[in-house]
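Predicted, not measured: the structure shown is a model, and the values here were computed from it. Counting starts at 1 for both ligands and their atoms, following the listed order.
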Amino acid sequence: MDRASRFSYQCMACGRCCRDKVITLSPYDVIRIAETAGVAPAAAIARYTIRRGSILSFAESGDCAALEGARCTVHRGRPLACRLYPLGLDRGPGGAENFRRLEPAPGSLGVYGESGSVQDFLDGQKVNEYLAANARYRPLVLLMRARIETLVDFETIEPREFWRRATREALAESNFDPNPLIDALFDPELLGCLRGTAAATLDAHLHALERRILAEDDADVIAAAAVMLAVSLGYSPGEVIGSR
Ligand code: SF4
């Protein structure tokens, strides 16, 4: 579906959609969750996420870490995926949008319809602010790739193996190597970028990350961070790997 396609959804606040999911978070999602929860990003990462801040945490019971009863405790700053739900967003070549209607969660009381358009739904969920923020992080993936090109001699190092290693490292659920760049992607405070509003934090974070990437000399650290950032923004690892 595209933005003009017919789609509507009435949420009945039953909380059933907030269970047993895998929800990828972007750096901006983490900024917003932390702001809404009134805690530092590091505390939000510890409380609400797994895999270094890149995935929303769900308890053994299946409940999202932010769910209390049927209520989302970070509703005002809920992540992009939760705003889009029950739509999925895939990215085609060049970042082209393709929206998918997701199946209802078991027992969900939400009502699907066609009384509006995808665009109307996105507007109601204030999705564009999140998409715009993510679009501002996207050039950092390209910057990381460019930085890697200056550090690695791909005449002597096999590029596919290099990127396979980076992907394994980025997507590991546990036992991953320390990566200060990935840490800085999800915790703007590590770069001294926490400001009074999410918008100001976002601005400062983007500039500081740019400087941090250019100062990083370890290509493996940058590559894992590039894959992590691409995936967190909704792109496939192949988008990074496929560049060579
Ligand atoms: S963050 Fe909120 S809306 Fe998203 S899954 Fe958790 S409880 Fe549900």
Output, in order, the C-alpha distance, side-chain angles, deciding distance and verdict of side-chain contact (heavy atoms from CB on, under 4.5 Å) for Arg136 and Tyr28. CA-CA 10 Å; Arg136 294 181 66 194; Tyr28 187 67; over 6 Å; no

Locate the shortest heavy-atom distance separating Ile222 from Ile213; write the atom from each residue and the value. CD1-O, 4.4 Å

Side-chain polar contacts of residues 45-52 - donor-acceptor pairs under 3.5 angstrom, sequence neighbours left out - could you list them?
{"from": "Thr49", "atom 1": "OG1", "to": "Ile45", "atom 2": "O", "distance (Å)": "2.7"}
{"from": "Thr49", "atom 1": "OG1", "to": "Gly53", "atom 2": "N", "distance (Å)": "3.4"}
{"from": "Arg51", "atom 1": "NE", "to": "Ser54", "atom 2": "OG", "distance (Å)": "3.1"}
{"from": "Arg52", "atom 1": "NH1", "to": "Asp177", "atom 2": "O", "distance (Å)": "2.9"}
{"from": "Arg52", "atom 1": "NH2", "to": "Glu169", "atom 2": "O", "distance (Å)": "3.4"}
{"from": "Arg52", "atom 1": "NH2", "to": "Glu169", "atom 2": "OE2", "distance (Å)": "3.3"}

Is there a side-chain contact (heavy atoms from CB on, under 4.5 Å) between Met228 and Met144 once you walk through the steps? CA-CA 11 Å; Met228 177 66 97; Met144 286 192 247; over 6 Å; no

Scan residues 72-121 for pairs that pass ring pair (Phe, Tyr, Trp, His ring centres under 6.0 Å), counting only residues two or more places apart or in two chains. Phe7-Phe121, Tyr9-Tyr112

Using the test ring-ring contact (aromatic ring centres under 6.0 Å, His included), find all partners of Phe162 that sit at least two apart in sequence or belong to another chain. Phe154

What's the count of protein N, O or S atoms under 2.8 Å from atom 2 (Fe) of ligand 1? 1

